[in-house]
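On a predicted model such as this, the values are computed, not experimentally measured, just so you know. We use all heavy atoms of the structure for the numbers below, so side chains are in, but hydrogens, waters and symmetry mates are not. Throughout, protein chains are lettered first and strands after them, A, B, ... in sequence-line order, and every chain is numbered starting at 1.
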Amino acid sequence: MTDSTMTTRQKVEASMKRRRSAETRFRVYGMASVLFGVLCLVVLFGNIFGKGTSAFTQTVLTTELTIDAAELGVTSASTEQELRNADYEGLIKDHFKAAYEPKGRKERRDLYKLISVGAAWQLQEMVIENPSLVGQTLQVNLIMDDDVDQWFKHEYGNDSGSIRLSEKQLEWLNSWAESGDLHTRFNTTFFMNGDSREPELAGIRGAITGTFLTLLVTFLLSFPIGVAAAIYLEEFAPKNRLTEIVEININNLAAVPSITFGLLGLAIFINMFGVARSTPLVGGLVLTLMTLPTIIISGRAAIKAVPPSIREAALGLGASKMQTVFHHVLPLALPGMLTGTIIGMAQALGETAPLLMIGMIAFVVDVPGFINDPSTVLPVQIFLWSDSPERAFTERTSGAIMVLLGFLIIMNTAAVMLRRRLERRW
Amino acid sequence: MAIIENHKTVGNPLCDSAKLSARDVCVYYGEKKAIHDVSLDIGKNEVIALIGPSGCGKSTFLRCLNRMNDTIDICSVTGQILLDGDNIYDSKVDVVPLRATVGMVFQKPNPFPKSIYDNIAYGPRIHGLASSRVDLDEIVEKSLQRAGLWSEVKDRLHSPGTGLSGGQQQRLCIARTIAVDPEVILMDEPCSALDPIATAKIEELIDELRDNYTIAIVTHSMQQAARVSQRTAYFHLGQLIEVNSTDKVFTTPQHQLTEAYITGRFG
């Protein structure tokens, strides 16, 4: 075809078909890869949301309960200590024993097992808060055991029986469910409690607070240090071998597996400097090491993106190097730096491995109050729960992942919005 | 075209009332010699045009005059440049006051991404030239008036300087430079990014500024050099070939390279 008798135009047209099909092919490849990515995301989210949404509801039993002053041995005038020490568990057990008359020890035990141990604490708190309740008959929503919770949320109505619940238990439960006394409500426990061995009482408040404190430490350390390092390296450092070595190593640090930072933190912060292990302080220090390269690299890129003409303008007017940097370069580079910082923080938010090394995997029930209290963080909490055998923990694992994803999405959206808002054109 | 061995600048590179005098200035970018032994006087209240083909070193030379080349790491300068008799490359000299005295306007308008007012006020602020808000307002107004921009922007002093047109931006940059009240203004192809009307305005402005300032202007336009300058220096491959009064350079050039350039045989 391409012989010398063809004109250039004919040659071009002859090649058009091949070029067009190449273009179409490329577009199809592109769409296929995007589709694949979206599909993976949908499967992941579908899986997590499918398992996790039920973590946000909790099964409770509505029942009429008399806070019997004689049985508890307290009056409405008792001190807080006396109210605290009263036997609420006994009160609940007696109430159910009287109401359902279980035969024999086994049935009695089965009946009591349906109610969570948390129900007694629930009553205790109510009474301490309002001692005048003593002697009254109240309508209360008692938290049910995790086995009941799972059965009611997933198996009730299936008639398939249950491995974890006996015939007699199912009989009681079915009757409660039919009367509407057994029902689900929004799971405040999940958000208000720390970790617990009892799945129905386990919550993420401790982990969220720990995460917040850890990230606070990380931010307070890594942002100023990172920005200062970026400015110095980009604007002031002499261009010599030493600077080059520093630069290369910062890039290397960004690629170091995060667990290594955990080992480093263990060796240096805990063993050498004696920082208390398992605290947000040491967690924040370790995550700072990890976040710093990200902040420095993005900070330098942001500084580099400031057009040299702005620097020349300032220098040409007689501004000193410092003034040029702080009056002109930094304000223009700040949006980029903040974006990098938020992305770095989002990375730190999801980091688990280094925190395992410094003891943040410990089982911590209390919600940490300050950066030197033992605590855990969300991803580690997820890791811990994912390892637990109870089915209710699987649900909570997915629930916690949803919360973590929510935070990540909020942070990344904030980064994008910040960039949009602060971005200045020149 | 090769470098001419042992070239001695023809014409009159020196003058009686020199504001800036360069003596045997050589500039190196790393190993490469960009400027070869240039000696040139820039007289008080004169406009000197530096012309020559691209890459001939005229901008490099201009940037030596307020040590803007210091910002380029690999650039080194030998020889002397005297400002009122004092060598600006002396180790004791601080570039901050030097650049306040020898201001610079760049090829591409580069206003700060701030308001028009803040653009002008920045220099006076960092040098502490205004004792009060009223003082500063006055400096801003005066500078904008001298740059011929006042009537166009007086109603929007607080809108961003980057929102002005190219020509207005360049006049804003000139106003910003004169707000610091320098003695010398260096202009590096100030009109190359502007249309003919804006160019005419800038040229008019340069003519007016001559009464108060010493101006060195790099330009690619020979018409512009002829219109605004009193003296013209022709650079070629880092060498200063010829310096003379503008009339003379454009009517009776002494060196064959100058003649070839201004008649358009290369460039």
Contact part of [X] toward chain A, heavy-atom cut-off under 4.5 Å: side chain, backbone, both or neither?
| X | value |
| --- | --- |
| B:R63 | side chain |
| B:V180 | side chain |
| B:R67 | neither |

inquiry  = For a quick test of reading the model, state the closest non-hydrogen atom pair linking A:G318 to B:V96 and the distance between them.
reply    = O-CG1, 3.1 Å

request  = For each of A:A319, A:P238, A:S320, tally heavy-atom pairs with chain B at distances under 4.5 Å, and name the one with the top tally.
outcome  = A:A319

ask   = Under 4.5 Å between any side-chain heavy atoms of A:I303 and A:E235, yes or no?
value = yes

ask   = Under 6.0 Å between ring centres, would you say that holds for B:F112 and A:H327?
value = no

key: A:I295, A:L330, A:I342 screened by side chain to side chain contact (heavy atoms under 4.5 Å, CB included) with A:M337, the one that passes   = A:L330

